[in-house]
Protein chains: 4
Amino acid sequence: MDDQPKPSARRQRHITQRREAILDAAASVFTAKGYSGASIKDIAEAADVADGTIYNYFANKEALLLGLFDRLVDLERVDNRVASAAADNLDDAVIGYFGVHLAHVRAHYDVFRAIIPEVLSTPDLRQRYYGTFVAPLLAVAEAQIHARISQGQLRQIDEQQAARVVYALFFGLLCLRVLGDEAIQPSESTDAALLNTINHLLLRGWSVSEPGDD
Amino acid sequence: MDDQPKPSARRQRHITQRREAILDAAASVFTAKGYSGASIKDIAEAADVADGTIYNYFANKEALLLGLFDRLVDLERVDNRVASAAADNLDDAVIGYFGVHLAHVRAHYDVFRAIIPEVLSTPDLRQRYYGTFVAPLLAVAEAQIHARISQGQLRQIDEQQAARVVYALFFGLLCLRVLGDEAIQPSESTDAALLNTINHLLLRGWSVSEPGDD
Amino acid sequence: MDDQPKPSARRQRHITQRREAILDAAASVFTAKGYSGASIKDIAEAADVADGTIYNYFANKEALLLGLFDRLVDLERVDNRVASAAADNLDDAVIGYFGVHLAHVRAHYDVFRAIIPEVLSTPDLRQRYYGTFVAPLLAVAEAQIHARISQGQLRQIDEQQAARVVYALFFGLLCLRVLGDEAIQPSESTDAALLNTINHLLLRGWSVSEPGDD
Amino acid sequence: MDDQPKPSARRQRHITQRREAILDAAASVFTAKGYSGASIKDIAEAADVADGTIYNYFANKEALLLGLFDRLVDLERVDNRVASAAADNLDDAVIGYFGVHLAHVRAHYDVFRAIIPEVLSTPDLRQRYYGTFVAPLLAVAEAQIHARISQGQLRQIDEQQAARVVYALFFGLLCLRVLGDEAIQPSESTDAALLNTINHLLLRGWSVSEPGDD
DNA sequence: CATGAATGAGTTTTCATTCAT
DNA sequence: CATGAATGAAAACTCATTCAT
């Protein structure tokens, strides 16, 4: 009797599942072979569907990449709420900023590995990534730095450059992971230690402060 | 009497010039379209030669990429001598390390833009780049940090992680440039300002040091 | 009720048909232009499919040649059973040996014409052909000659050389056909006459027997 | 003082030498890689000249093949005089016919190996070879057989077919050699033994003659 | 919706041939 | 004549995309 109870609901769920499965497969194959090196056949096999089926869910190959991209966007949006709830305390602010992003990368590492090379090489995607991820985060950092300077918590540094330095630090770590550096492969403990190192760096620097310094 | 003393000398020079011209074209096209997106036809047109001519100078498309790579290696080697001549003074050391690398990137920016996406996506190249550029520079940084800690110039920080953080900062800046961030496009003045910001950061941190801090 | 019992059966048959059609086209084009002279485009046109379709059935151009080769192997195997059923009678043995092979060539003449030039020029294929066709047939001939000599049916001739002579006779006729000699183009009647001539030759020679002979 | 004595004579000799050297190289490379598989560069290297030089002596690649071909023709012509000086004696006639041809093949084996696959696969060359070598030799054989039958030396056999059988025997042996059969690789002793076997076969057959024979 | 065979445009690569030196 | 770099047509092969079943 349950023949057509919620045809759209169940079907919708099925469709979503398929989409996600295909995206998972795409992420995995893109990571292994790069976007151009990955064929639709590869992805179809990884997703255990026929070639043609992919085109029922995505307009074309590029849409798979954008699909992965959008996944990150969706998730980032959620996380950002947390991130933007910045603390009064400077340490908490730094730890919040980097902690959220490091966790984000950790959770979606496969997708990042798949996307980043393409982001760097494809003008279209480059702009999209910059607009979606980089610019907002730079803005957040810049605003925070500006505010902290006004509040006298930070020195008088070039806000724009400082924000870039902060973001570069984060992005560079991500790249180092992609490059295979074994000392900082993503894990909760590694990230915790890193957070500590970074926090110390940003706020106090590494040099032994001479008495009466600055 | 000098009628035929350098038949090969002139020819050799010609060959080298052609090679370089083709590599220049390749760098430019790779940057614009990515390695996979660039066709030999594109590169040939950019170099103003016929398709087949490229194969008189390079075994295949991949050899173009490796040719670009080797260019960096050759040049880096020269620069490294300077880099390794580290100063006693902490500020000079930081400025030396980053200054040399930023200058290197500035000088060969086109090649970096062309290569980095491939480095991140191609396992082969990834290893090659890591072994040639990343590992040595990490080692230099680590050794310096270790020495400075021993000498009491730096705090007791995790040397391994600190070195990664320093390199990530550098690499992240490079990526931000590739991503098109306008605030830090490579130029002598930008780099000089950056150097200052970074130096301050690494050695003294950004927070306003409260009296009796740490 | 038989709605979906042979979804793969029909498809399988279709695939086999396509494969055979493409092989037929390849045989025809190879014969006309030689293996190297034949382009995939030529073959695709002859088979009335698109270029790419051929690669859905054969890994590469060489596989077409090997496909033709394997066809002969399959068929030869069947025929060989007959061939090895050698008669007591000498005449029957000769007629059996040559009859079977001449019939085989007649039936697959196109394939032979396509393959033989390549067999003679390509080391790989040469070995393959020699191992698959020549060596076994030489062995059969040698064994037969040996046995017949033991039984006193044949003179004391060099078995090894005699077997080669017999095979050479057969192969040479095949080549003469390929070369276009009109007097012996394959047909049942030509082959029958040839058989007779050969049989006479091998067993009794052509010279007029001295008095008392025959 | 010998500055320009016989400019044309010496030069002519030089030119001929170069031509021959290039043809030698071509024969060797064709044999090793087949006509299509051999590149002009390969041949130029084997002949120790530049690519372009070849075109000073031959119009194009095909002309190299025809050049090899013509070499055989020239030589065959000489040999044929001997061959056509047929003996009264049947044995001598057979031995003359096959002996000359086997020797010819032995002397120019490389050229035969290089040419035969192309002869079998290229319509043009096929006709040329047939007209130049096969037809005349078939005619000689046919004429001889005809004459011998008239003279009562040979039985009443089909002259046309018999001639084909004789030629096929010869050509088949050549092919067996090209195919790599080790038992009959060309050498003076092998050929001598073969001659004997063939002579016996053609004239007396291999079966044990009934009482009163031989 | 799922399938996967068919398609053909596009890519890399080879190589016979030309021609300026 | 010798050279060998330059050429560009042509070949083998790939693969994103379509569509009949």
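Letters A, B, ... mirror the listed sequences (proteins, then strands); counts begin at 1.
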**Q** What string of B, S and - do you get for nucleotides 11-21 of chain F 5' to 3' if you count protein non-hydrogen atoms under 4.0 Å?
**A** SSBB-SBB---

**Q** A quick test of your reading: do over 12 heavy atoms of other residues, nucleotides or ligands sit less than 6.0 Å from CD of D:Glu20?
**A** yes

**Q** Is a donor on one side and an acceptor on the other found under 3.5 Å between the side chain of D:Ser28 and the backbone of D:Asp24?
**A** no

**Q** Determine whether C:Leu64 and C:Ile40 make a side-chain contact, defined as any pair of heavy atoms from C-beta on separated by less than 4.5 Å.
**A** yes

**Q** Given side chains that start at C-beta, do those of C:Phe112 and C:Leu72 come closer than 4.5 Å, heavy atoms only?
**A** yes

**Q** For a stem of at least 3 consecutive Watson-Crick or G-U pairs with distances under 3.5 Å, i pairing with j, i+1 with j-1 and so on, which stems involve DNA chain F?
**A** E:2-21 with F:2-21

**Q** For B:His14 and D:Val49, find the nucleotide of DNA chain F closest to each by heavy atoms; which residue's nucleotide sits nearer the 5' end?
**A** D:Val49

**Q** Please state whether the phosphate of E:dA2, meaning OP1 or OP2, lies under 4.0 angstrom from any side-chain nitrogen or oxygen of A:Arg18.
**A** yes

**Q** In the structure I gave you, are the side-chain heavy atoms of C:Asp51 and C:Glu45 within less than 4.5 Å of one another anywhere?
**A** no

**Q** In whole angstroms, how far is the C1' atom of E:dA2 from the CG atom of A:Asp48?
**A** 12 Å

**Q** Measure CD1/B:Ile54 against P/E:dT14 and give the value in whole Å, please.
**A** 13 Å

**Q** Would you check if A:Arg18 and A:Val49 make a side-chain contact, meaning some heavy-atom pair closer than 4.5 Å?
**A** yes

**Q** Using the side-chain heavy atoms of A:Tyr57, tell me which of these nucleotides is nearest: E:dT7, F:dG8, E:dC1.
**A** E:dC1

**Q** Check each residue of residues 117-127 of chain B for a non-hydrogen atom within less than 4.0 Å of any atom in DNA chain F, then write out the ones that pass by number, or none.
**A** none

**Q** Please say whether the positively charged group of B:Arg113, taken as NZ for Lys or CZ for Arg, lies over the ring of B:Phe30, i.e. under 6.0 angstrom from the six-membered ring centre and within 45 degrees of the axis.
**A** no

**Q** So D:Phe69 and D:Thr132, do their side chains get closer than 4.5 Å, heavy atoms only?
**A** yes

**Q** When you measure from the centre of the six-membered ring of C:Tyr55, is the NZ or CZ of C:Lys61 closer than 6.0 Å and no more than 45° off the axis?
**A** no

**Q** Separation of A:Ile22 atom CD1 from E:dC1 atom C1', in whole Å?
**A** 12 Å

**Q** Taking atom CG of B:Leu66 and atom CZ of B:Arg71, what is their separation to the nearest 0.5 Å?
**A** 13.5 Å

**Q** Send over the distance from B:Ile43 CD1 to E:dT11 C1', rounded to a whole Å.
**A** 12 Å

**Q** Looking only at the side chains, is there a donor atom on one of C:Ser39 and C:Asp42 sitting less than 3.5 Å from an acceptor on the other?
**A** yes

